[in-house]
Amino acid sequence: NSEREVDNSLTEALREALSSCGFSGGTIRAFGKRRKHFILAGEDEDGAKISSFELRKSIEQAAGVRLSTPEYFRRGNMMLMECDIRAGLKASYAIAQHPGRDGEVSGDTAICHRSERDYFYSVISDGMGSGELARDTSELACGFIRSATEIGSIGEPVIHMLNHILREREEECSSTLDLFELDLLNGKGLFIKSGASPSYVKRKGSIFRVKSQTAPLGLLKTVDTEKIRLEISGGDHIIMLSDGVADASEDAPWLLLLLGEPPTENLQQYADKILREAINNSRTKDDMTVVVIRIDED
């Protein structure tokens, strides 16, 4: 319902912006909360007034969004234009994995996908232990999260349901959850971590660490998660790691040195490089997963 309501404050701002570029006497309406929808109507004899490039740019600047290709409708001298907000960002990714023990399957599962509602998701789940049971648990966690993201953004009930499912299984096995959600429309990012290792945001010459101190899902009756919100921009790189790579950057000085270097253009080569260094510097036989995400302006 909120996406169908008129945004009165934005409508007024658009009216003022359009007046400054010569459009007056017409009607403009802005609808919606997250996914904005715009309708513009007015008298336009030759069709040049409403369909102008300057008019579209004025709407984008006043609303702070990017617009999809407008649709135009004419009846006599009256012209109607409709358009929606479009994603301003896009995400590319690469995944690199290595089992902790030769001959055994990895207990880590990692997935990345873009939902139909213009959210991008990346999830790493590390099933506690090793072998088939750990793998089944992490696959269950990632599959459940993916199904939930297809019908909306992640909320508390989803995490509570997953925690309950893991606790009710016959075989007792917990699992970490490292979830990154990015709204491709407005650049709002969200990390949800339960027992997960730190993640890193690489922005030009700076590195930001995103960490939490929480328990894996399936261990406790109550959910122990931490949410970290941040703004994401074009050019950012997000690096997500399972605990086999590094529990903390203090234990892996090589990681900060590597992340301080410029990333390679090829994301798979970048993910493979981080994984290769993790294997060379590892003191344990643990499963390892590296996910590298690059954000670009769309």
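All values below come from the heavy atoms of this structure, side chains included, with hydrogens, waters and symmetry mates left out.
- Here the side chain of Q268 pairs a donor or acceptor atom with the backbone of I95 at under 3.5 angstrom.
- Side-chain atoms of K193 and S199 include a donor-acceptor pair closer than 3.5 Å.
- Linking ILVMFWY side-chain heavy atoms closer than 4.5 Å, directly or via other members, places I124 and F144 in two distinct hydrophobic clusters.
- Of the inter-residue distances, the one linking R35 atom CZ with H37 atom NE2 reads 12.0 Å to the nearest 0.5 angstrom.
- For the atom pair CG (L185) and CZ (R117), the distance works out to 9.0 Å, reported to the nearest 0.5 Å.
- L258 CG to Y200 OH: the interatomic distance, rounded to the nearest 0.5 Å, is 11.5 Å.
- With a 4.5 Å cut-off on side-chain heavy atoms, L230 and F208 do not count as touching.
- Ring geometry, H237 versus Y270: the interplanar angle exceeds 60°, so the pair is classed perpendicular (tilted spans 30 to 60°).
- Sorted by first and then second residue, the pairs that involve residues 157-182 and meet ring pair (Phe, Tyr, Trp, His ring centres under 6.0 Å), not counting sequence neighbours, are F180-F191.
- The environment of NZ in K285 is sparse: at most 12 heavy-atom neighbours from other residues, nucleotides or ligands sit within 6.0 Å.
- K227 and L190 get closest at one heavy-atom pair: CB-CD1, 3.9 Å.
- Cluster membership for V290 and L267, using ILVMFWY side-chain heavy atoms within less than 4.5 angstrom, is shared.
- Panel note: side chain D287, backbone S106; no donor-acceptor pair is recorded below 3.5 Å.
- Counting all heavy atoms, side chain and backbone alike, S115 lies closest to T149 at CB-O, 3.9 Å.
- Separating the CD1 atom in I28 from the CD atom in E12 is a distance of 11.5 Å, to the nearest 0.5 Å.
- Residues forming a side chain to side chain contact (heavy atoms under 4.5 Å, CB included) with Y72 (at least two apart in sequence, or on another chain): I50, S51, P70, M79, M81.
- Under a 3.5 Å cut-off, the side chain of S174 and the backbone N or O of G218 do not form any donor-acceptor pair.
- With K202 contributing its side chain and I239 its backbone, the two residues share no donor-acceptor pair below 3.5 Å.
- Grouping the Ile, Leu, Val, Met, Phe, Trp and Tyr side chains by contacts below 4.5 angstrom, directly or via other members, places L182 with I228.
- Between the side chain of S68 and the backbone N or O of D84, at least one donor-acceptor pair lies under 3.5 Å.
- Residues F73 and M78 are not in side-chain contact: their nearest non-hydrogen atoms beyond the backbone lie 4.5 Å or more apart.
- Cluster partners of L219 are L220, counting Ile, Leu, Val, Met, Phe, Trp and Tyr whose side-chain heavy atoms approach within less than 4.5 Å, directly or via other members.
- Residues T176 and M128 come closest through the heavy atom pair CG2-CE, 3.5 Å.
- Residues Y121 and L89 are members of separate hydrophobic clusters, defined by side-chain heavy-atom contacts under 4.5 angstrom among Ile, Leu, Val, Met, Phe, Trp and Tyr.
- Under the 4.5 Å side-chain criterion, counting only non-hydrogen atoms from C-beta, V292 is in contact with I274.
- Defined by atom type and a distance below 3.5 Å, a donor-acceptor pair is present between the side-chain atoms of T137 and R169.
- Crowding of E265 atom CD: a count of heavy atoms from other residues, nucleotides or ligands under 6.0 Å not exceeding 12.
- Considering only heavy atoms from C-beta on, E3 comes within 4.5 Å of K33 through its side chain.
- Looking at heavy atoms from C-beta onward, R135 lies out of side-chain contact with E104 at the 4.5 angstrom threshold.
- Looking at L10 and K36, their side chains come closer than 4.5 Å, going by heavy atoms from C-beta outward.
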I would like to know whether I59 and L67 meet side-chain contact (heavy atoms from CB on, under 4.5 Å); could you show each step before the answer?
CA-CA 8 Å; I59 296 176; L67 299 181; 3.8 Å; yes
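- Looking at heavy atoms from C-beta onward, I165 lies in side-chain contact with L140 at the 4.5 angstrom threshold.
- At least one side-chain heavy atom of L40 sits less than 4.5 Å from a side-chain heavy atom of L18.
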Go through it in stages, so that I can follow the logic: the residues are E156 and M161, the test is side-chain contact (heavy atoms from CB on, under 4.5 Å), and I'd like the CA-CA distance, side-chain angles, deciding distance and then a yes or no.
CA-CA 9 Å; E156 289 291 337; M161 282 191 289; over 6 Å; no
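- Because its NZ or CZ atom is both nearer than 6.0 Å to the ring centre of Y119 and within 45° of the ring axis, R34 counts as a cation-pi partner of that residue.
- Between Q213 and E226, the closest heavy-atom pair is N-OE1, 3.8 Å.
- Residues M240 and I145 are members of separate hydrophobic clusters, defined by side-chain heavy-atom contacts under 4.5 angstrom among Ile, Leu, Val, Met, Phe, Trp and Tyr.
- The line from OG of S242 to CE of M288 is 7.5 Å long, rounded to the nearest 0.5 Å.
- A donor-acceptor pair shorter than 3.5 Å can be found between the side chains of S138 and T109.
- With hydrogens and angles disregarded, no donor-acceptor distance shorter than 3.5 Å links the side chain of T264 to the backbone of Q269.
- When every heavy atom of S122 is checked against every heavy atom of I293, the shortest pair comes out as CB-CD1, 3.6 Å.
- For the 3.5 Å distance criterion, the side chains of S9 and D7 qualify, holding a donor opposite an acceptor.
- The CZ atom of R209 lies 10.0 Å from the CG atom of L255; values are rounded to the nearest 0.5 Å.
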Under the side-chain contact (heavy atoms from CB on, under 4.5 Å) criterion, do R229 and K188 qualify, and how do the steps go?
CA-CA 7 Å; R229 301 183 186 276; K188 293 181 179 179; over 6 Å; no
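- Listed by first and then second residue, the salt bridge (charged side-chain N to carboxylate O under 4.0 Å, His left out) pairs involving residues 271-280 are E261-K273 (not counting sequence neighbours).
- Residue pairs meeting the side-chain hydrogen bond (donor to acceptor under 3.5 Å, both in side chains) criterion with at least one member in residues 289-298, sequence neighbours excluded, are R66-E297, Q97-T289, D108-T289, R294-D296.
- Other residues, nucleotides and ligands contribute at most 12 non-hydrogen atoms within 6.0 Å of the CZ atom of F53.
- A donor-acceptor pair under 3.5 Å is absent between the side-chain atoms of N281 and the main chain of A278, judged by distance alone.
- Listed for the E132 side chain is no donor-acceptor partner under 3.5 Å among the backbone atoms of V105.
- Legend: residues meeting side chain to side chain contact (heavy atoms under 4.5 Å, CB included) with R4, ordered by chain and number and at least two apart, are N1.
- Side chain of T225 to main chain of S194: no donor-acceptor pair is present (N/O by atom type, distance under 3.5 Å, no hydrogens or angles).
- Nearest approach of T214 to D224, heavy atoms of both residues: CA-OD2, 3.2 Å.
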